[in-house]
> 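One structure coming up, written as structure tokens, with questions to follow.
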Amino acid sequence: MERVYAPKRIEEKWCKYWVENKTFSAKSSNNKPFTVVIPPPNITGCLHMGHALNNTLQDVIIRFKKLQGYNTLWVPGIDHGGIATQNVVERLLKKKEGKTKHDLGRERFLQRMSEWRIETGDVILDQLKKLGCGLDWDRVAFTMDKSRSKAVKRAFIQLFNKGLIYKGKRLVNWCYRCGTALSDTEIEYEHERSNLWYLKYYLVNPKEYVVVATTRPETIFGDTALAVNPEDKRYTSLVGKSVKIPIIDKEIKVISDSIIDKSFGTGVVKITPAHDATDNEIAKRNKLEILEIIDTNGKMINVPSKYQELIVEEARKKVVEDLSVKDFLVKVDDHTHSVGKCYRCSTKIELLISEQWFLNVRDMSKKAVEAVNSEKIFFYPQSWKKPYILWLENLKDWCISRQIWWGHRIPVYYCVDENGNRTKCRPIASFDKPIECHDCKSKNFIQDEDVLDTWFSSALWPISVFNWGKEENNKELKYFYPTSVLVTGHEILYLWVARMVQFGIEFMKEIPYYNVFIHGIIRDKHGKKMSKSLGNVVDPLNVMDQYGTDALRFTLAKAAAPGRDMQISNTSFLASRNFMNKIWNASRFVIVNLEHIDKLDNAIQPIELSDKWIIAEFTNSTAKIKRAYEFYNIDNAAREIYDFFWTKYCNWYVELSKIRITSTNLNIKKQVLAILVYILKSMLQLMSPIIPFITSEIWQILNKNEKIIAESILFAISENFYSESSIKEMNTIQDIIIKIRTLRSELNIPSTMQIKVLFNTLDNNDKIEGTIIENKHYIKQLARVKSMQYLKNIAKLRNFVSIIAGNIEVFIPLEGFIGIEKEKIRLEKEIALTNQEVEKVTLKLSNKNFIKKAPKTEIEKTKIRLHEMKLKIERINKNLKSLI
RNA sequence: AGGCAGUUAGCUCAGCUGGAAGAGCAUUUCUCUUACAAAGAAAAGGUCGCAGGUUCAAAUCCUGCACUGCCUACCA
């Protein structure tokens, strides 16, 4: 074994092993299942920190459950990624050949996309393998492969025939760069500094005008009314009158609607029903005309020829200019408001009227709310429950059609006549082209041009991965569904999580998962979101290269408190890398010492105090670690592992074990080795979910011909040797060691100098005295003490340095390495410090209410403390006097 | 505008069923002691955001405020 842990070779070896030996493949059986489906990354994806975190956490859970003996299954897959993917290929096409998708046409463009997909391959899946993910690689699913397509069609047809899917002309979010409608969840809002323009709308009487404040002066041509609040006394007389739109002089009415906020702007609003959601509602309530002035290319239409065909931004400039020239502009204020942008290309979203497919989600939402309200689905952390419910309760129908090419084409067929024109017959939803029209028996059909929102297929993911679309009597689906836990970031709670619940209940009559574990988002060290444009991205692949995959995973696990965002920079991985090295070397110590031992007893026998102590600490820690894993507090599990292994196991137990390891008595050596091995192996198991590579390697060295760690079953921790009192006793010894070490350091006693030590107890406590005598070899070993003797008569003591650790007083003779004056100062300082404490505690105890109301144990504890401190001061004073 | 988080050592964060402030990194000092210098031993560093309240006792519970971040919204 190398002296320094070198991860590369070991990681490659185990990656390959797990895949080739199908370590993580699962079949339905009689054993209890534990199922997780991966949030499928986009095919365009390249592993970033978010993926690394999300998948590490899933892997931790899967590996832990596997150790517990569950039949675990983690299903891998990728998403076709709709708009995002089409954009990537479109950009490539433009760059390489200077062509647009329209130059190629739908068929050829889609062919290009498929080619690109094969070329690019499943890069991200390979990266997940590299990360060590225990996915079942025989089950890789793609949201657009045959089985998943079947599922999408089946779902669509069911919903269509139920009357839940309908076509309607409505105001929708439109990205003119992507050329498609978007759902509300696909819009990202950003604050933008803009202006508020105050415009004059003249009454028919040309001397009077009202002032209207607007952020969108270019849409005046689409105005079909002005509106005021009915309770706004300033404008009562105005309601019902006509005003003229600036520039074009078109007459519109002033109406009243209670939604208008009196305090904003002038309290008068221009109503543009075709391009604003609120205005649209007002128009519906007041039966106003709806006039479209922006088309799907983001250009002006139905406006004076001067502005016709201009894109919105330019039109705004021109209109403002003209308004100003013609004296319609009263003033311009600065105004910051949030603007909706496309989540895939950041183009400003226009609202416009368009015919789209919608899914009525009212009933599904109710059931999805109920499932979480009743805690049938449990959220970790609970704080996400409320936003989830609120969102679902206010959900409008879902716009599911997209005007792009890459995706599941809507399986709706229209009957056409011999000229290819659509007839009035009812459209049919079906898997393939229908044989004949229900209404006119025609055999001519065309398919709907639109594709489905990517998230439609994603919403089916937990059932489609088990081939819900293909098979009717599906054993696997029955066995693995509902899945056990969904692990995800909160950014797709609405986009994805909620919709899976809706669809799961709709199609399976059963929730898709029992638990939802929502982790935070990774930020840089300044708390900023990581993004390429900010240049603050920490690449997980680099980290894996530089620090090792286990170090990456351990860092992520340690930072992953449920629901909390985490800040990460390159230095965050250092501590973890060092910890890996620690594990490696501690194991090396054990392994090297096992070399000439032919056989080790499996049964352990705690003999000494340190044995009993480490077993007690180990028992406590393992319980904590297991509980932490169980409730997705993976950060706590990682912390406990770190603390126990490094501090307790390495720094104390391994160090103390050296006394017996170097013993010439083979039995003594074997006895301590057995405990070292037992704890090491158990810890390796418990660590393996987070850091599978290093633990697999060490496990294999320790258990040459046995099962690999990933396939092992967690050792049962026996309570037989648990000794609570050993912890207290050991703590006493540790305290003495630490105090002597501190003294050595403070007084610059060279480490090579072995010192003589005497000790006494403050209250002549025989038991403690016995404990120390029994374990003085620990003190000798770790504090570099030559001899340690009990001192009966302290009265005669002269010129000793003294320290007090709990109830024990330790004396070290002054042997020229320290001046009396220096020691006096040290002791006086100690007295002053203790006195401060004494004051505080005395005050507490003199408080009558404390004595009256505090629990007895607490009072007792405080009294003992005070007593000890007083004793301490007494002794220090005495020692001070003995210094001559 | 509303909702949800967060505010603890220079930095990143634990601790929050209320009873003597913790870790890692960085800093300082010693040490290559036969697993590990990516280490060991030790030191220094904190009115636990601010102001109230409950309590014998508050980093921990309650209220208000401030700042930061996120989510939602019909910001004309």
> Using the ring-ring contact (aromatic ring centres under 6.0 Å, His included) rule, take A:Phe221 and A:His275 through it: C-alpha gap first, then chi angles, then the decisive distance, then the call.
CA-CA 11 Å; A:Phe221 310 117; A:His275 302 287; over 10 Å; no
> Sticking with atom C1', work out how far B:U33 lies from B:A39, rounded to a whole angstrom.
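Approximately 12 Å lies between the C1' atom of B:U33 and that of B:A39.
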> Let me know the distance between CE of A:Met566 and C1' of B:A14, rounded to the nearest Å.
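One finds 15 Å between C1' of B:A14 and CE of A:Met566, rounded.
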> What's the OH-C1' distance between A:Tyr189 and B:A1, to the nearest Å?
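One finds 15 Å between C1' of B:A1 and OH of A:Tyr189, rounded.
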> Identify whether the distance between the nearest side-chain nitrogen and carboxylate oxygen of A:Asp223 and A:Lys270 falls below 4.0 Å.
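A salt bridge links A:Asp223 with A:Lys270.
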> Nearest of B:C74, B:A76, B:A20 to any side-chain atom of A:Lys270?
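The answer is B:A76.
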> Which whole number of Å gives the distance between the C1' atom of B:A1 and that of B:C74?
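Straight-line distance between the two C1' atoms is 12 Å.
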> Map A:His490 and A:Thr214 onto RNA chain B by nearest heavy atom, then report which one ends up closer to the 5' terminus.
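Mapping each residue to its closest nucleotide by heavy atoms, the 5'-most match is A:His490.
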> Rounding to a whole Å, what distance do you find between A:Phe264:CZ and B:C74:C1'?
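Taking atom C1' of B:C74 as the reference, CZ of A:Phe264 is at 12 Å.
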> Which nucleotides of nucleotides 28-40 of chain B have their base under 4.0 Å from a protein heavy atom (B), which only their sugar-phosphate (S), and which neither (-), written as one string 5' to 3'?
---S-B-BBSBSS
> When we call it a touch if two heavy atoms are under 4.0 Å apart, what does A:Ile260 touch: a base, just sugar-phosphate, or nothing?
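Here A:Ile260 touches the bases of the nucleic acid.
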> Regarding A:Ala277, tell me which of base, sugar-phosphate or nothing describes its non-hydrogen contacts under 4.0 Å with the strands shown.
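Nothing, no heavy atom under 4.0 Å.
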> Which part of the nucleic acid, if any, lies within reach of A:Thr215 when heavy atoms closer than 4.0 Å are counted: base, sugar-phosphate only, or nothing?
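Counting heavy atoms under 4.0 Å across all strands, the contact made by A:Thr215 is with sugar-phosphate only.
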> Considering only atom C1', compute the distance from B:U17 to B:C13 and round it to an integer number of Å.
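Per the computed distance, 22 Å lies between those C1' atoms.
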> Can you run through RNA chain B from 5' to 3' and write each base as (, ), [, ], | or . depending on how it pairs? Watson-Crick or G-U wobble, both distances under 3.5 Å.
((((((((.[[[[.)...(..]]]].(((((.......))))).....[[[[[..)....]]]]])))))))....
> Using the test side-chain hydrogen bond (donor to acceptor under 3.5 Å, both in side chains), find all partners of A:Lys348 that sit at least two apart in sequence or belong to another chain.
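Partners of A:Lys348 under the side-chain hydrogen bond (donor to acceptor under 3.5 Å, both in side chains) test: A:Glu192, A:Glu313.
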> Taking only the C1' atom of each, what is the distance from B:A26 to B:C62 in whole angstrom?
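Here B:A26 and B:C62 have their C1' atoms 38 Å from each other.
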> I'd like to check the ring pair (Phe, Tyr, Trp, His ring centres under 6.0 Å) partners of A:Tyr201; sequence neighbours left out, ordered by chain and number.
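So A:Tyr201 forms no ring pair (Phe, Tyr, Trp, His ring centres under 6.0 Å) with any residue.
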> Quick one: label A:Glu858 by what it contacts on the DNA or RNA (base, sugar-phosphate, nothing), any heavy atom closer than 4.0 Å.
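Contact class for A:Glu858: base.
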> If I take atom CD1 in residue A:Ile259 and atom P in nucleotide B:A73, what distance separates them, rounded to the nearest angstrom?
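Computing the A:Ile259:CD1 to B:A73:P distance gives 14 Å.
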> For A:Trp699 and A:Lys681, which heavy atoms make the closest approach, and how far apart are they?
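A:Trp699 and A:Lys681 have their closest heavy atoms at CZ3-O, 3.6 Å.
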> Apply ring-ring contact (aromatic ring centres under 6.0 Å, His included) to A:Trp646 and A:Tyr642, showing your working.
CA-CA 6 Å; A:Trp646 198 319; A:Tyr642 187 95; 5.4 Å; yes
> Whole angstrom is fine here: how far is it from CG in A:Asn229 over to C1' in B:A76?
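Going from A:Asn229 (CG) to B:A76 (C1'), I get 13 Å.
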> Which residue pairs satisfy the salt bridge (charged side-chain N to carboxylate O under 4.0 Å, His left out) criterion with at least one member in residues 561-577 of chain A, sequence neighbours excluded?
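Every pair satisfying salt bridge (charged side-chain N to carboxylate O under 4.0 Å, His left out) with a residue in residues 561-577 of chain A: A:Arg523-A:Asp565.
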> Please list, pair by pair, any protein nitrogen or oxygen found under 3.5 Å from a nitrogen or oxygen in nucleotides 3-10 of chain B.
from, atom 1, to, atom 2, distance (Å)
B:G3, O3', A:Lys386, NZ, 3.4

> In whole angstroms, how far is the P atom of B:C71 from the CG atom of A:Asn394?
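In whole Å, B:C71 P and A:Asn394 CG are 18 Å from each other.
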> So if I take every side-chain heavy atom of A:Phe850 and compare against B:G24, B:G19, B:A73, which nucleotide ends up nearest?
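Of B:G24, B:G19, B:A73, B:G19 is nearest to the side chain of A:Phe850.
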> Taking only residues two or more places apart in sequence or in another chain, which ones pass salt bridge (Lys or Arg N to Asp or Glu O under 4.0 Å) with A:Arg865?
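Per chain and number, A:Arg865 pairs via salt bridge (Lys or Arg N to Asp or Glu O under 4.0 Å) with A:Glu837.
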> For A:Asn651, enumerate each residue passing the side-chain hydrogen bond (donor to acceptor under 3.5 Å, both in side chains) test, keeping only those at least two apart in sequence or located in another chain.
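Not a single residue meets the side-chain hydrogen bond (donor to acceptor under 3.5 Å, both in side chains) criterion with A:Asn651.
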> Taking atom C1' in both B:A59 and B:U47, compute the distance separating them and give it to the nearest angstrom.
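These two C1' atoms come out 12 Å apart once rounded.
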> Nearest whole Å is fine: how far is B:A20 P from A:Lys872 NZ?
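Rounded to whole Å, this separation is 17 Å.
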> Need one value for A:Pro381: base, sugar-phosphate or nothing, where a base atom within 4.0 Å counts as base even if backbone is also close, heavy atoms only.
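Touches nothing.
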> Quick one about A:Arg499 and A:Thr185 (side-chain donor to acceptor, distance below 3.5 Å, no hydrogens or angles considered), yes or no?
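Side-chain D/A pair, A:Thr185 to A:Arg499: present.
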> Does NZ in A:Lys870 sit with more than 12 non-hydrogen atoms of other residues, nucleotides or ligands closer than 6.0 Å?
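Atom NZ in A:Lys870 is not crowded, with 12 or fewer foreign heavy atoms closer than 6.0 Å.
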> More than 12 heavy atoms of other residues, nucleotides or ligands under 6.0 Å from CZ of A:Arg234: yes or no?
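Yes.
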> Taking the C1' atom of each, how far is B:C36 from B:A41, in whole Å?
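One C1' to the other, the span is 15 Å.
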> Does the side chain of A:Val319 come within less than 4.5 Å of A:Leu323's, by heavy atoms?
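Of all side-chain heavy-atom pairs linking A:Val319 with A:Leu323, at least one is under 4.5 Å.
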> Taking atom P in both B:A9 and B:G45, compute the distance separating them and give it to the nearest angstrom.
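Straight-line distance between the two P atoms is 14 Å.
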> Measure the distance from OH on A:Tyr201 to C1' on B:A76 and round it to the nearest whole Å.
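Atom-to-atom, A:Tyr201 to B:A76, this comes out as 11 Å.
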> Under 3.5 Å, side-chain donor or acceptor atoms of residues 277-286 of chain A against the rest of the protein: list the pairs with distances, not counting sequence neighbours.
from, atom 1, to, atom 2, distance (Å)
A:Asp279, OD2, A:Thr272, N, 2.7
A:Asn280, ND2, A:Pro273, O, 2.7
A:Arg285, NE, A:Asp257, OD2, 3.1
A:Arg285, NH2, A:Asp257, OD1, 3.2
A:Asn286, ND2, A:Asp257, OD2, 3.4
A:Asn286, ND2, A:Ile282, O, 2.8

> Is the phosphate of B:A76 approached by A:His337 (side-chain N or O, under 4.0 Å from OP1 or OP2)?
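Yes.
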> Excluding sequence neighbours, so at least two apart, what forms salt bridge (Lys or Arg N to Asp or Glu O under 4.0 Å) with A:Glu839?
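With sequence neighbours excluded, A:Glu839 shows a salt bridge (Lys or Arg N to Asp or Glu O under 4.0 Å) to no residue whatsoever.
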> Write down the distance separating the C1' atoms in B:C67 and B:U29, rounded off to the nearest Å.
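To the nearest whole Å, 39 Å.
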> Not counting sequence neighbours, which residues clear ring pair (Phe, Tyr, Trp, His ring centres under 6.0 Å) with A:Tyr380? List them please.
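Expected list: A:Phe378, A:Tyr632.
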> Can you check nucleotides 53-55 of chain B for protein contacts, nitrogen or oxygen pairs under 3.5 Å, and list what you find?
none

> If you find the nucleotide of RNA chain B closest to A:Glu868 and the one closest to A:Tyr642, which residue's nucleotide is nearer the 5' end?
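Nearest nucleotide further toward 5': that of A:Glu868.
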